[in-house]
Amino acid sequence: PPPPPPPPFSSRRRHTRYSLQSRGSEMCIRDRPQGELRDQALEAARRLVDLRIGVADTRSAVASRTAPAPPPPIAVTPTALTDYIGCPRRYQYGRVDRIPAPDDAQSRVGTAIHDALEEHYGPNGGGDGQQLLERIEQHLAEAGVAGTAAGQHALDRARHVIPAYHEAYGEPAEVIDTELALTMPLGKHQLRMRVDRVDAIGEQAVRIVDYKTAKRPEGRLFPDQTLPLTLYAVAMGRQRGGEVHAAFHYVLDRDPVRNIIVDGPEVDDQLQNAQAAADGIAAGNFDPKPGWQCSHCDFQLICPAAER
């Protein structure tokens, strides 16, 4: 059988019920003291605020669990920072992926001459310019590069200029340290350095010397060329105090010394650049920087971004 019809006047009954409930509520509210209503409203507002704060805290906790953790601090050298500033991708290939670079006789020549200078001006060294030249010959032979074109060229230059270099800038110097290890905080990171030579200048000042075996460049040096020496000087000043000077010694050049300014706003810029590079290394940002430097890169043949 068909369902029974709905009771008559059902919509009117619903309207009547709603009206009675509303009037009842209004009567209850009118009968309550105003202070009680205000207290209840304030309590409701507090609960609403607490609820919203709880929701915000929950969202923050969820975000903290899902967001990537900040990269940890790293220990880095000025040379590594210079490599990264030059091209982050090259830094990745050489220092992260550790892809072997082609054998470079020129680099081994530079290392051998550095070792000879360290030995000569170190605590167990000494002697005149001729003895320094003999040490250079010995270290080139021990490095296996004395017979290479790069080794022969360096040795020929050394025979012409090393005795005069020692007489002008080695023998008169009061060398107080060689291969000095320094550390310095760089933001949240740690900077580790090793200085070629430290000379005393009077009683209060020192000069940091950075050996170079390339030809002395003309004109203004680029910031990435002076970055390591600037960081050495800043670290030395913070550790020792007093006045700190800095100079490149291009030991195979007839005009070997080039002094570097290590104070003023340029130093602040260098420190900011160094920290930005350290942050990039820690974060794993190794985007390539193609340009003219690609022609001198050890990894140009395997780098898709290299300019050829």
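Positions are given from 1 along the sequence. As a basis for the values below, the full set of heavy atoms in this structure was taken, side chains included, without hydrogen atoms, waters or symmetry mates.
Atom CD of Gln131 sits in a crowded spot, with more than 12 heavy atoms from other residues, nucleotides or ligands closer than 6.0 Å. Applying the 6.0 Å contact sphere to CD of Glu167 captures no more than 12 heavy atoms from other residues, nucleotides or ligands. More than 12 non-hydrogen atoms from other residues, nucleotides or ligands lie less than 6.0 angstrom from CD1 of Ile176. Around NZ of Lys215, the count of heavy atoms belonging to other residues, nucleotides or ligands within 6.0 Å does not exceed 12.
Under a 3.5 Å cut-off, the side chain of His189 and the backbone N or O of Pro185 do not form any donor-acceptor pair. Arg157 places a side-chain N or O within donor-acceptor distance of the main-chain N or O of Leu252, the cut-off being under 3.5 Å. In terms of modelled atom types and a separation under 3.5 Å, the side chain of Arg197 and the main chain of Thr178 share no donor-acceptor contact. Side-chain atoms of Gln152 come within 3.5 Å of backbone atoms of Ala146 as a donor-acceptor pair (strictly under, hydrogens ignored). Remark: the backbone N or O of Phe286 is paired with a side-chain donor or acceptor of Arg89 at under 3.5 angstrom. The backbone N or O of Val161 lies less than 3.5 Å from no partner atom in the side chain of Arg254, so there is not a single donor-acceptor pair. A donor-acceptor pair is defined here as one N or O able to donate and one able to accept, closer than 3.5 Å; such a pair exists between the side chain of Thr148 and the backbone of Val145.
Glu142 and Gln138 form a side-chain donor-acceptor contact under 3.5 Å, judged by distance and modelled atom types alone.
Of all the heavy atoms in Gly110 and Thr213, the pair that sits closest is CA-OG1, 3.8 Å. Heavy atoms only, all atoms of each residue included: Ala112 and Ala143 are closest at CB-CB, 4.1 Å.
If you take CG on Leu229 and NZ on Lys212, they are separated by 8.5 Å, rounding to the nearest 0.5 Å. Leu182 contributes atom CG, which lies 4.5 Å from atom CG of Leu180 (distance to the nearest 0.5 angstrom). Considering CZ of Arg192 and CD1 of Ile74, their distance stands at 10.5 Å, rounded to 0.5 Å.
In terms of the ring-ring contact (aromatic ring centres under 6.0 Å, His included) criterion, residue partners of His120 (sequence neighbours excluded) are, by chain and number, His166. When the ring-ring contact (aromatic ring centres under 6.0 Å, His included) test is applied to Tyr232, no partner is found at least two apart in sequence or on another chain.
The pair Arg216-Asp255 counts as a salt bridge, with a side-chain nitrogen and a carboxylate oxygen less than 4.0 angstrom apart. Between Asp298 and Arg90, none of the side-chain N atoms (NZ, or NE/NH1/NH2) sits under 4.0 Å from a carboxylate O, so this pair counts as no salt bridge. Taking the charged nitrogens against the carboxylate oxygens, Glu137 and Arg159 do have a contact shorter than 4.0 Å, which makes a salt bridge. For Asp287 and Lys289, the salt-bridge test fails: no basic side-chain N is under 4.0 Å from an acidic carboxylate O.
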Please test Asp196 against His249 for side chain to side chain donor-acceptor pair (under 3.5 Å), starting from the C-alpha separation and ending with a verdict.
-> CA-CA 10 Å; Asp196 287 340; His249 279 199; over 6 Å; no
So Glu266 and Gln270, side chain to side chain donor-acceptor pair (under 3.5 Å) or not? Walk me through it.
-> CA-CA 6 Å; Glu266 291 185 357; Gln270 292 276 48; over 6 Å; no
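By the 30° and 60° cut-offs, the orientation of the rings of Tyr250 relative to Phe248 is tilted.
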